[in-house]
Colleague: 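The structure follows.
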Amino acid sequence: MSRNKRRDDKDIDRLSSFLYWEGNFRLKELKPIKNDVLLITSDNLERYILKRHSNKKNITQQWEFFSKINAEMITPFVRFPNGRKIISDENHFYWTLTPFIQGRKLNYISPIDRKTAVQTLRNFHRNASEVFVENRVNKQLFYLRWYNRLQTFKKTEYLFLKFGYENLYKDITKKTEQSIQLVATYPWKLIQRQAEESGIWVHGDVASHNFIQNERTYLIDFDLLLCTSQIYDYIQLGQRFLPYVNWDIDQLLTYRMVEDSDVPIWLMAIAIPSDVLREWLHYLSHQRSDRSIDNYLTEMEKNWMKRKDFVKMAKLVVK
């Protein structure tokens, strides 16, 4: 038996013991999905998603939100067999259970799946209003968080210089700062206060893999759940749709994500290339070869030219 195999078996035994003593959960099988996410099967063959968290306040907010919303398209936490909502380990991580939903992930390449995502999100938003929780997690306004992301992006300037993409770096940085400054002129503090007073929530992470479809379409993974204006989810969704509609503003508008009166600010916020920064930083979070980085930057530059054309058209629509 290899050393890695012995180590894996030891980790499984340790987790099995932990789940039993802390949650009275009898583990039969497990399958890693991501570093902090496992598909587990109980001794009575029920399947769950077991997730490890570092932020207890975030979990507490989710539990309270789930207890107060009535929506068929969401997948809430469930208690461990001993009744506990959360169990914690010696490393101060917190663990939750969610029923496993069998189905396929949506794929934004498909126009039908894009429409399904909009409709599912719209249904969720209708239910995620007038929901009030005591342990609400507060965050900065979205464009301030994106400004902070830009500062992290700037720390990677040396890679653009190394591979000869200095102009691309300068252009992305300049356009991001300009777009954030423009969006910041809108009364977001007032909009945020109105959302809080009305108990309005967003999912916060509308990536296609967070929509699971079988007989119906479900939303999963509420780690970025937030009490704020629901236009935020549609800003994110618009950004995620862009590559699949070839950065065509007319196609994007056909999804009618927001009211006509909100189209100008929606488009201006989509124009902030926060998604470009996010994907680049996520890409760099893993070890990459020089060749891989060079290829990534080549593709980034091609897509950036299309993104700039979209921004030009968005400004014309806003006018």
Colleague: Just wondering, do Trp95 and Ile86 contact through their side chains at under 4.5 Å, heavy atoms?
Modeller: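 SC-SC contact between Ile86 and Trp95 ruled out.
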Colleague: Assess the residue pair Leu19 and Leu15 against the criterion (side chain to side chain contact (heavy atoms under 4.5 Å, CB included)); give the C-alpha distance rounded to whole Å, side-chain angles, the decisive distance to 0.1 Å, and a yes or no.
Modeller: CA-CA 6 Å; Leu19 290 175; Leu15 179 62; 4.1 Å; yes
Colleague: Should the heavy atoms of other residues, nucleotides or ligands under 6.0 Å from OH of Tyr147 be counted, would the total exceed 12?
Modeller: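 Atom OH in Tyr147 is not crowded, with 12 or fewer foreign heavy atoms closer than 6.0 Å.
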Colleague: When rounded to the nearest 0.5 angstrom, what distance separates OG in Ser229 from CG in Asp262?
Modeller: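 Taking OG in Ser229 and CG in Asp262, the distance rounds to 7.5 Å.
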Colleague: Kindly assign one of parallel, tilted or perpendicular to the pair His53 and Phe77, based on the angle between their ring planes and the thresholds 30° and 60°.
Modeller: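 Geometry flag for Phe77 against His53: perpendicular rings.
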Colleague: Answer with yes or no after comparing the ring centroid distance for Tyr232 and Phe142 against a 6.0 Å cut-off, counting only values under it.
Modeller: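 Centroid separation for Tyr232 and Phe142: below 6.0 Å.
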Colleague: Nearest 0.5 Å please: distance from the CG atom of Asn107 over to the CZ atom of Arg114.
Modeller: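 So the gap between those two atoms works out to 9.5 Å.
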Colleague: Side chain of Thr185, backbone of Leu182: donor and acceptor closer than 3.5 Å?
Modeller: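 Answer holds: yes.
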Colleague: If hydrophobic clusters are built by linking Ile, Leu, Val, Met, Phe, Trp and Tyr wherever their side-chain heavy atoms come under 4.5 Å apart, do Ile212 and Leu121 end up in the same one?
Modeller: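 In one cluster with Ile212: Leu121, no.
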Colleague: Pick out which of Gln239, Arg145, Gln236 makes a side-chain contact (heavy atoms from CB on, under 4.5 Å) with Ser274.
Modeller: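 Answer to the side-chain contact (heavy atoms from CB on, under 4.5 Å) test with Ser274 among Gln239, Arg145, Gln236: Gln239.
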Colleague: Given the rule in the side chain to side chain contact (heavy atoms under 4.5 Å, CB included) test, do Phe66 and Phe222 qualify, once you have shown the distances and angles that lead to the verdict?
Modeller: CA-CA 10 Å; Phe66 293 145; Phe222 286 80; 3.9 Å; yes
Colleague: Establish, yes or no, whether the cationic atom of Lys85 lies under 6.0 Å from the six-membered ring centre of Trp63 and within 45° of the ring axis.
Modeller: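 Geometry flag: set, cation within 6.0 Å and 45°.
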Colleague: Measure the acute angle between the ring planes of Phe241 and Tyr108, then classify it against the limits of 30° and 60° as parallel, tilted or perpendicular.
Modeller: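 It falls in the perpendicular class, over 60°.
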Colleague: Without hydrogens or angle criteria, can the side chains of Thr217 and Gln213 be said to hold a donor-acceptor pair below 3.5 Å?
Modeller: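 Yes, side-chain donor-acceptor contact under 3.5 Å.
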Colleague: For the residue pair Ser16 and Phe25, establish whether any side-chain heavy-atom pair is separated by less than 4.5 Å.
Modeller: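 Not in contact.
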Colleague: Under 4.0 Å between a Lys/Arg side-chain N and an Asp/Glu carboxylate O for Arg307 and Glu301?
Modeller: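 Here Arg307 does not pair with Glu301 in a salt bridge, since their nearest N and O are not under 4.0 Å apart.
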Colleague: Trp201 and Ile69: side chain to side chain contact (heavy atoms under 4.5 Å, CB included), yes or no, with the steps?
Modeller: CA-CA 11 Å; Trp201 295 79; Ile69 187 174; over 6 Å; no
Colleague: Can you check whether Glu29 reaches Ile40 side chain to side chain, under 4.5 Å on heavy atoms?
Modeller: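 Side-chain contact under 4.5 Å: no.
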Colleague: When you compare the side chain of Leu225 with that of His203, does any pair of heavy atoms fall below 4.5 Å?
Modeller: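 Side-chain contact under 4.5 Å: no.
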Colleague: If you draw a 6.0 Å radius around CD1 in Ile112, do more than 12 non-hydrogen atoms from other residues or ligands fall strictly inside?
Modeller: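 No, CD1 of Ile112 has 12 or fewer neighbouring heavy atoms, counting only those of other groups under 6.0 Å.
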Colleague: Do the rings of His282 and His286 sit parallel, tilted or perpendicular, given the 30° and 60° boundaries?
Modeller: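 It falls in the perpendicular class, over 60°.
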Colleague: Drop me the distance from Asn210's CG to Asp205's CG, to the nearest 0.5 angstrom.
Modeller: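 These two atoms lie 4.5 Å from each other.
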Colleague: Would you say Tyr283 and Ser292 are linked by a side-chain donor-acceptor pair, where the criterion is simply a distance under 3.5 Å?
Modeller: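 Note: Ser292 and Tyr283 side chains meet the donor-acceptor criterion.
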Colleague: Would you say the side chains of Glu299 and Asn295 form a donor-acceptor pair under 3.5 Å?
Modeller: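 Distance-only check fails for Glu299 and Asn295.
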Colleague: Please determine whether a side-chain nitrogen of the Lys or Arg among Arg52 and Asp89 lies less than 4.0 Å from a carboxylate oxygen of the Asp or Glu.
Modeller: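 Looking at Arg52 and Asp89, the cut-off is not met.
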Colleague: Between Arg136 and Glu196, is the salt bridge (charged side-chain N to carboxylate O under 4.0 Å, His left out) condition met? List the steps.
Modeller: CA-CA 10 Å; Arg136 191 178 70 226; Glu196 292 173 357; 3.6 Å; yes
Colleague: Just do the side chain to side chain contact (heavy atoms under 4.5 Å, CB included) check on Met257 and Leu252 with the steps written out, would you?
Modeller: CA-CA 9 Å; Met257 297 187 203; Leu252 189 64; 4.2 Å; yes
Colleague: Checking ring pair (Phe, Tyr, Trp, His ring centres under 6.0 Å) between Phe160 and each of Trp304, Phe153, Tyr296, which is the one that passes?
Modeller: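 Option passing the ring pair (Phe, Tyr, Trp, His ring centres under 6.0 Å) with Phe160: Phe153.
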Colleague: Does Asp221 use its side chain to pair, donor to acceptor, with the backbone of Asp223 at less than 3.5 Å?
Modeller: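 Yes; at least one donor-acceptor contact below 3.5 Å.
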Colleague: Is any side-chain heavy atom of Thr98 closer than 4.5 Å to one of Lys51?
Modeller: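 Contact flag for Lys51/Thr98 side chains = no.
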Colleague: Do the side chains of Asp275 and Arg149 get close enough for a salt bridge, i.e. N-O under 4.0 angstrom?
Modeller: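 Arg149 and Asp275: not salt-bridged.
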Colleague: Atom CD1 in Ile87, atom CG in Asn24: separation rounded to 0.5 Å?
Modeller: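 Those atoms lie 10.5 Å apart.
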Colleague: If I compare all heavy atoms of Glu64 with all of Glu134, which pair ends up nearest, and what's the gap?
Modeller: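 So the minimum-distance heavy-atom pair works out to OE2-N, 2.6 Å.
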Colleague: Determine the interplanar angle of the Trp188 and Tyr143 rings, folded into 0 to 90°, and report it as parallel if under 30°, tilted if 30 to 60°, perpendicular if over 60°.
Modeller: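 Correct class here is tilted.
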Colleague: So do the side chains of Leu30 and Leu39 get within less than 4.5 Å of each other, counting heavy atoms only?
Modeller: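 Side-chain contact under 4.5 Å: no.
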Colleague: Can you find a pair of side-chain heavy atoms, one from Leu267 and one from Phe310, that are under 4.5 Å apart?
Modeller: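 Side-chain contact under 4.5 Å: yes.
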Colleague: Examine distances only and state if a side-chain atom of Thr41 and a backbone atom of Leu45 form a donor-acceptor pair shorter than 3.5 Å.
Modeller: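 Absent.
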Colleague: Looking at Lys162 and Asp294, does any basic side-chain N land under 4.0 Å from a carboxylate oxygen?
Modeller: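 Between Asp294 and Lys162 there is no salt bridge, as every charged N stays at least 4.0 Å from the carboxylate O atoms.
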